[in-house]
Student: 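Below you'll find the structure I mean.
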Amino acid sequence: MTNWLINSWRKTSVADVAPEPETARAGASFAARLTFDAVRKQYGDRAALAGLSLDIAPGEIVCLLGPSGCGKTTLLRIAAGIERPTGGRVLISDREVASDMQFVPPEKRGVGLMFQDFALFPHLTILDNVAFGLKALPREDARREALRMLSRVGLTHYRDQYPHILSGGQQQRVALARAIVPRPAVMLMDEPFSGLDVQLRDSMQEETLRLMRETRATSMIVTHHPEEAMRLGDRIAVMRDGVLVQTGSARDLYQRPVDLFVARLFSEINEVPVRVAGGRVDSPFGSLPAPGLADGSEAILCIRQRGVGLEAHVNGAKGQPGLRGVVRSAKFLGDAVRYEVAAEGFDRPLNVRAAPGAGQEPGQEVRLVIDPDQVLVFPPKDVKTT
Ligand code: ATP
């Protein structure tokens, strides 16, 4: 894959490109709205996108999240103009850039693209890599602007070196600088952090967010990782089989997932088959609401692993709340311990994530209490995640 730069450079004033200190700002971009209106993309008899509508506000960062093959990259490529939609429309700031009647080529869309493998040009110096997207500027101006952005990502001293001497994280920084230096109105990123180790990913995410906020680029970021989406996105758009399943803030999606598929993406859950009666389901924890589900229908009771409280069982104590259980295993995970607990009334052990302080041991008797807000009930759809 190539790391694309598809930008039309906006003319800047002399003041814009005047020398600035090392901490110079990345520059302020105009804010664009990115709109997908019932976009379809057909590959043979397979619908990669099946009528998807999404509106991304100027300056907003939206993360596209979903399993492999659900159409995330296709949507990104259609926004960039690398692919043509089979149907529907794409608009940038209310200007139609793709439809039955219209097709604006990539270089005229004011869009920056960044893929996961960075793909720097090996025969160009780091500085020339960054300056690559500034061809419309006089060479000296382009170099000055590129230097400014290199300084912004902390790599000024590598400017005359070639990409092969850089570490993965440094290459990623150069790729980011290269994509963002032309100040695209819209930034499209396809899994930009997936090649980085955890620590590096963390700092690059922060840096990228800062730059995007400064440039006010309207951004669409493809990711496989719910946590990354929660961290980066003002909004998350969850896709499955070429359609949007749910869009909303991280909090919305976590607290009010529309179905089992979205619930599974955002938290570790115990799934217990139950039957609905009178708008409620019976469980060993008592009767719980099952709004909107038909009487007599099967359902899945989802109990968040973090929604179960674990307390030591006190022998002989009267009225101790909660279900009785026995710890089967305890796995220390640093910031939490994952317990497997055989609980009365459940056919299978429950998984519980608790703070490490609890310190329960295998074989120990415990009491389990649930927070009703951490319990959800859904129809048992055939849902798959990867
Ligand atoms: P991943 O997360 O694995 O990158 P994705 O969600 O980005 O997946 P896409 O790459 O958009 O998914 O692909 C969506 C569907 O369209 C897949 O079934 C894929 O095989 C198919 N597809 C994508 N590009 C083409 C193509 N050029 N020709 C035929 N089928 C394609």
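FYI, the numbering just counts along the sequence from 1. Read the numbers this way: they start at 1 and go in the same order the structure lists the ligands and their atoms.
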Student: Of the protein's non-hydrogen atoms, which lies at the shortest distance from atom 16 (O) of ligand 1, and what is that distance?
Tutor: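 For atom 16 (O) of ligand 1, the nearest protein heavy atom comes out as Ala48 CB, 3.4 Å.
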
Student: If you count the atoms of ligand 1 from 1 in the order shown, which ones are under 4.0 Å from a heavy atom of His224?
Tutor: 2 (O)

Student: Does Gly71 reach ligand 1, in the sense of a heavy atom lying below 4.0 Å from it?
Tutor: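 Gly71 counts as a contact of ligand 1 under the 4.0 Å cut-off.
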
Student: What do we get for Lys41 next to ligand 1 when only non-hydrogen atoms under 4.0 Å count, side chain, backbone, both or neither?
Tutor: neither

Student: Will you find, in the side chains of Arg280 and Ser287, an N or O donor that is under 3.5 Å from an N or O acceptor?
Tutor: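 Arg280 vs Ser287: donor-acceptor pair found between side chains.
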
Student: Quick one: is the NZ or CZ of Arg240 closer than 6.0 Å to the six-membered ring centre of Phe261, and within 45° of its axis?
Tutor: yes

Student: Report, in ascending order of atom number, the atoms of ligand 1 lying under 4.0 Å from any heavy atom of Pro67.
Tutor: 6 (O)

Student: Does the protein put any heavy atom within less than 4.0 Å of atom 19 (C) of ligand 1?
Tutor: no

Student: Kindly say whether Phe121 contributes a backbone atom to a donor-acceptor pair with the side chain of Asn129 at under 3.5 angstrom?
Tutor: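 Answer holds: yes.
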
Student: So which protein heavy atom does atom 14 (C) of ligand 1 come closest to, and at what separation?
Tutor: Gly69 O, 3.4 Å

Student: What is the nearest protein non-hydrogen atom to atom 2 (O) of ligand 1, stated with its residue, atom name and distance?
Tutor: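 Its nearest protein heavy-atom neighbour is Lys72 NZ, 2.8 Å.
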
Student: Assess Arg251 against Phe266: is NZ or CZ under 6.0 Å from the centre of the six-membered ring, and within 45 degrees of the ring's axis?
Tutor: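 Not flagged: Arg251 not positioned over aromatic ring of Phe266.
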
Student: Looking only at protein heavy atoms, identify the closest one to atom 21 (C) of ligand 1 and say how far it is in Å.
Tutor: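 Answer, as residue, atom name and distance: Tyr43 CD1, 3.9 Å.
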
Student: Starting from atom 10 (O) of ligand 1, find the nearest protein heavy-atom neighbour and note its residue, name and distance.
Tutor: Thr73 CB, 3.7 Å

Student: Strictly under 6.0 Å, is that where the ring centroids of Phe332 and Tyr339 end up?
Tutor: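 Centroid distance Phe332-Tyr339: not below 6.0 Å, so no.
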
Student: Between the main-chain N or O of Ser249 and the side-chain N or O of Asp252, is there a donor-acceptor pair closer than 3.5 Å?
Tutor: yes

Student: Among all protein heavy atoms, pick out the one at the shortest distance from atom 1 (P) of ligand 1; state its residue, atom name and that distance to 0.1 Å.
Tutor: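 Protein heavy atom with the smallest distance to atom 1 (P) of ligand 1: Ser68 OG, 3.7 Å.
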
Student: Which of the atoms of ligand 1 are close to Thr74, meaning less than 4.0 Å from one of its heavy atoms?
Tutor: 9 (P), 11 (O), 13 (O), 14 (C)

Student: Keeping Arg40 on the side-chain end and Gly88 on the backbone end, is there a donor-acceptor pair under 3.5 Å?
Tutor: no

Student: When you measure from the side chain of Thr218 to the backbone of Arg33, do you find a donor-acceptor pair of N or O atoms at a distance under 3.5 Å?
Tutor: no

